[in-house]
Amino acid sequence: MVPSTATSALDELRDALSETAAELRGERPAPSQAPTLERPPRAELGDYSTNAAMLLAPVLKAAPRQIAEQLGEGLVARLGDQLDHVEVAGPGFLNVFLADAWYADAVARVLAAGDAVGAGEPGEAGPLRINVEFVSANPTGPLHVGHARNAAYGDALSRLLSFLGHEVHREFYVNDNGSQVRKFGESLQAHGRGEPPPADGYQGDYVAEIAAAIGDAGDGDPEAVARRGIELMLERLRTTLATFRVDFDTWFSERDLHVGEPSAVQHAFDVLAEQGRTYRHEGALWLRTTEFGDDKDRVLERSSGEHTYFASDIAYHQEKRERGFDRLVDVWGADHHGYVRRMHAAFEALGGRPDELDLLIMQFVNLVDRGERTSMSKRRGDFVSLDELIAEIGVDAARWYLLNRSHDTTIDLDLELARRETNENPVYYVQYAHARIASILARAGEDAVAEALARFAPPARLEPAERDLIKKALAFGTEVAEAAERRAPHRIAAYALEFAQTFTAFYRDCPVLGAQPEGVEAFRLGLCVVSRRIIGRSLGLLGVSAPESM
RNA sequence: GCGCCCGUAGCUCAGUGGAUAGAGCGCCCGCCUCCGGAGCGGGAGGCCGAAGGUUCGAAUCCUUCCGGGCGCGCCA
């Protein structure tokens, strides 16, 4: 009989625990902190461990260890032969030792979940419409490694949120308006005429290439040259990003915010004015961001009548709100962090709720040369481009390298080292485990695997490596949920590596093909299928390929 | 001066209230009759920047300080 997949075995364990705790508590208030149910640091401390008794102690005014005893009795009564035994340890931990029957049931449910393993529920609020805006590099130059990090992160986050069932819209905000664009046009034009670029203009081979592609860049309207140059640059960005496995649903033009009657910018001003958030001072239009925690009010429209960049950004966020998203996620570079507070303030001034806007800051990628940090300057054409990074170490290694770390730590990238370490990159270890499983399953043959899944049944006695593998597999759903909630795709990379290591230990200790006695091979083939799905999914969430062979 | 991020093994980094702080790389010692050795086992290596505080319990939360990075415009 196939067990229900509605809840995981781990969820049921958690439920049994909280029911027991509620019973002990009676009418008294629940502790402010939710109890943990996690794998203890050492195997002799059980399969799972909870701190529930220690949290209940102040509420029940009793000794933690005594409460743990009672919790243990309750669990024994509820779980029956699924439980081997419980132990009270240390200051009041309750350590749970599960029977093989529990593992067998748990892994059968994971197997039954198929490709949805780990997907879980989108959350209490249900599926959300989420707009993720990322990269948004100025279209006046190629993407460098900083953009690469932003791209890998925004993409992986989008994949995570989609996997959890949210409706994700990926967006690139194109800064095709303002002085940078004019400067770009002037640089192209100078090149077209064979003149040196303006003092603060753009340099680098790509400027010459774009100028050549335009053909008559030297003549005509500088603004038209700039616009054409940006179109060509955007094509390049799109190509590079596609190679990096990053796609966008919308490329949103900043210029569009200024056209129409009323323009989006004017409309945003109206919305703010209706709420009494703006005022005129010395000929300029100001927004009262100080009412929402900013340290000074900000100018929206200069006394000259021109709009500030901030005004565009506000109009853009209002436009996204009106498109009906439940959440707006912006992935910004570290150089924009000073901008976060005022953007939040403006968002609230527009009438948005603080939790509807998520502003995430990516820390820098520093280029390191022989231990010294070097700077990246786009105008000097002096930087490592995403294209170069891909050419040097490949998409998989590059994405892993950039996603392996938390978004709020700076990364030192020594290209020399990265190139040398390519073969040592743990991503290959994970991919190798995937390929190895694929090889085992291929050897077994499709029919044998299908039959194994059909008559999947646990053996009388589980090997330790089998139990470890199942435990690791059961953790996948929690890992995915936490990675999404904390906006931390790097957790998936860490999990994938650990899972691959756990599988490799299983592979070492437990022969799959030809395993005896009867039924063991089928059971282990089932474990292989689960493992392949989990590794494949983990890599997929990171945008890294999961090869059948290497 | 003010604000944000960071400080954990030789290096690069995980670890946002639990037990003896982990991984990868590097280093040392072992291991191929066996489903893929891009591997496996073992070892050395830590005052978690410093000092106070909160807590039964702190790398984790609070305060101050030190160090590094990045910002702080009617620029974009």
Side-chain angles (χ1 to χ4, degrees), chain A residues 33 36 38 40-42 44-45 49-51 54-55 57-58 63-64 89-93 95 138 140 175 177-183 254 281-286 295-296 298-313 333-342 361-364 366 368 371 373 401 404-414 417-418 420-421 423-433 435-444 486 488 490-491 493-495 497-498 501 504-505 507-515 521 524-525 528 549-550:
Chain A
Q33 212 178 326
T36 56
E38 57 191 5
R42 293 188 306 284
E44 63 266 30
L45 297 176
S49 166
T50 179
N51 63 355
M54 289 181 283
L55 298 177
F93 290 104
N95 295 333
N138 280 327
T140 51
N175 293 293
N177 198 42
S179 62
Q180 298 298 326
V181 173
R182 196 173 56 246
K183 230 169 268 174
E254 181 193 347
H281 177 64
E282 291 180 355
L285 182 68
W286 296 72
D295 38 14
K296 55 174 289 195
R298 306 289 171 176
V299 171
L300 300 178
E301 188 182 86
R302 291 172 212 140
S303 39
S304 68
E306 289 178 315
H307 298 145
T308 60
Y309 180 79
F310 189 40
S312 298
D313 244 358
D335 53 341
H336 281 65
H337 75 254
Y339 207 67
V340 169
R341 187 169 295 180
R342 85 183 65 160
I361 296 299
M362 302 299 299
Q363 291 302 318
F364 269 42
N366 294 305
V368 176
R373 286 188 174 169
Y401 194 91
N404 200 9
R405 297 149 162 81
S406 160
H407 68 87
D408 54 17
T409 188
T410 54
I411 294 180
D412 285 349
L413 175 64
D414 184 331
L417 193 65
R420 233 185 312 130
E421 283 183 348
N423 289 321
E424 308 300 335
N425 192 318
V427 73
Y428 295 109
Y429 180 91
V430 179
Q431 290 182 315
Y432 187 76
R436 175 183 266 159
I437 299 170
S439 167
I440 293 171
L441 294 174
R443 259 173 178 271
R486 296 183 187 183
H490 73 279
R491 284 174 163 261
Y495 173 82
L497 181 59
E498 286 166 19
Q501 286 169 329
T504 302
Y507 169 82
R508 180 192 66 225
D509 295 343
C510 303
V512 176
L513 301 178
E521 183 186 271
R524 289 180 181 169
L525 281 173
C528 286
S549 67
M550 295 176 70

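- For the C1' atom pair drawn from B:rC6 and B:rC28, the interatomic distance equals 33 Å after rounding to whole Å.
- In this structure, A:I437 places its CD1 atom 16 Å from P of B:rC35, rounding to the nearest Å.
- Looking only at distances, no side-chain donor or acceptor of A:D412 sits under 3.5 Å from a matching main-chain atom of A:N366.
- The side chain of A:L497 lies closest to B:rG24 when the candidates are B:rC70, B:rG24, B:rC35.
- Considering only side-chain atoms of A:Y429, the nucleotide from B:rA14, B:rC40, B:rG36 that sits closest is B:rC40.
- For the P atoms, the distance from B:rC48 to B:rA9 is 10 Å, rounded to whole Å.
- Residue A:S312 is classed as having no contact, given no heavy-atom separation below 4.0 Å to the nucleic acid.
- Not a single donor-acceptor pair, N or O on each side, falls under 3.5 Å between the base of B:rA76 and the side chain of A:T308.
- Side-chain proximity of A:R42 to the nucleotides B:rU20, B:rU16, B:rC40 is greatest for B:rU20.
- When the C1' atom is used for both B:rC61 and B:rU55, the distance is 10 Å, rounded to whole Å.
- B:rU54 and B:rG46 have their P atoms separated by 31 Å, with the value rounded to a whole Å.
- In this model, the phosphate group of B:rG15 is not approached by any side-chain N or O of A:R486 to a distance below 4.0 Å at OP1 or OP2.
- Atom P of nucleotide B:rU60 and atom CG of A:D408 are separated by 16 Å, given to the nearest angstrom.
- Contact annotation: A:R341 side-chain N/O to B:rG71 OP1/OP2 distance is not under 4.0 Å.
- Taking atom P on both B:rG18 and B:rA58, the two are 11 Å apart, rounded to the nearest angstrom.
- Taking the P atoms as reference points, B:rA21 lies 13 Å from B:rC47, given to the whole Å.
- Between A:H490 and B:rG15 there is a side-chain polar atom (N or O) within less than 4.0 angstrom of OP1 or OP2.
- The residue among A:T50 and A:E424 whose nearest nucleotide of RNA chain B lies closer to the 5′ end is A:T50.
- Side chain to side chain, A:T409 and A:Q363 fail the donor-acceptor criterion of an N or O pair below 3.5 Å.
- Separation of atoms OG (A:S549) and CZ (A:R436) is listed at 14.0 Å; rounding is to 0.5 Å.
- A:A435 comes within contact range of at least one nucleobase, with a heavy-atom separation under 4.0 Å.
- Remark: the backbone N or O of A:T36 is paired with a side-chain donor or acceptor of A:T50 at under 3.5 angstrom.
- The A:P41 side chain lies nearest to B:rA19 when the options are B:rU12, B:rA19, B:rA14.
- Among the atoms of the strands shown, none is found under 4.0 Å from any heavy atom of A:A444.
- Side-chain atoms of A:S439 and base atoms of B:rG36 include a donor and an acceptor less than 3.5 Å apart.
- Among the atoms of the strands shown, only primed sugar atoms or phosphate atoms (P, OP1, OP2) are found under 4.0 Å from some heavy atom of A:I411.
- In the set B:rA19, B:rC5, B:rA76, the nucleotide with an atom closest to the side chain of A:Y339 is B:rA76.
- A donor-acceptor contact under 3.5 Å links the side chain of A:N51 to the base of B:rG18.
- The phosphate of B:rA76 has OP1 or OP2 within less than 4.0 Å of a side-chain N or O from A:R302.
- To the nearest 0.5 Å, atoms CD (A:E254) and CG (A:N177) are separated by 4.5 Å.
- The same atom, P, is picked in B:rC13 and in B:rG17; the two are 23 Å apart, to the nearest Å.
- Comparing B:rA14, B:rU12, B:rA19 against the side chain of A:A494 picks out B:rA14 as the nearest.
- Aromatic ring orientation, A:Y339 versus A:F310: perpendicular (interplanar angle above 60°, classes split at 30° and 60°).
- The minimum heavy-atom distance between A:V512 and A:I440, with the atom names listed, is CG1-CG2, 4.1 Å.
- On a pure distance criterion of 3.5 Å, no polar donor-acceptor pair joins the side chain of A:T409 and the base of B:rC6.
- With B:rC74, B:rG18, B:rA38 as the choices, the nucleotide that has an atom nearest any side-chain atom of A:K296 turns out to be B:rC74.
- Checking B:rC74, B:rA19, B:rG36 against the side-chain heavy atoms of A:A89 singles out B:rA19 as nearest.
- Atom pair A:I361:CD1 and B:rC4:P shows a separation of 12 Å (rounding to whole Å applied).
- Relative to the side chain of A:S179, the nucleotides B:rC75, B:rG39, B:rG37 differ in distance, and B:rC75 lies closest.
- Of the listed nucleotides (B:rG39, B:rU20, B:rG24), B:rU20 has the atom at the smallest distance from the side chain of A:E44.
- Closest-nucleotide positions on RNA chain B for A:R508 and A:A284 were compared, and the one nearer the 5' end corresponds to A:R508.
- Residue A:T36 is classed as having no contact, given no heavy-atom separation below 4.0 Å to the nucleic acid.
- In this structure, A:F93 forms no aromatic stack with the base of B:rG18, since the conditions of centre separation below 5.5 Å and plane angle below 30° are not both met.
- Here, B:rG45 and B:rU63 have their P atoms 37 Å apart, quoted to the whole Å.
- Nucleotide B:rC70 forms a pair with B:rG3, judged by Watson-Crick or G-U wobble geometry with both contacts under 3.5 Å.
- One can find a donor-acceptor pair under 3.5 Å joining the base of B:rA19 and the side-chain atoms of A:N95.
- One N or O donor and one acceptor, one from the side chain of A:Y432 and one from the base of B:rG36, sit under 3.5 Å apart.
- For A:R405 and A:D408, the salt-bridge test fails: no basic side-chain N is under 4.0 Å from an acidic carboxylate O.
- Base pairing analysis places B:rG37 opposite nothing; no Watson-Crick or G-U wobble pair with both distances below 3.5 Å involves it.
- Taking 90° from 0 as the syn/anti boundary, the base of B:rC31 is oriented anti.
- Residue A:Q501 places at least one side-chain N or O closer than 4.0 Å to OP1 or OP2 of B:rG24.
- Here the shortest heavy-atom pairing between A:Y401 and A:I411 reads CE2-CG2, 4.1 Å.
- With centres under 5.5 Å and a plane angle under 30°, the ring of A:Y507 is stacked against the base of B:rC35.
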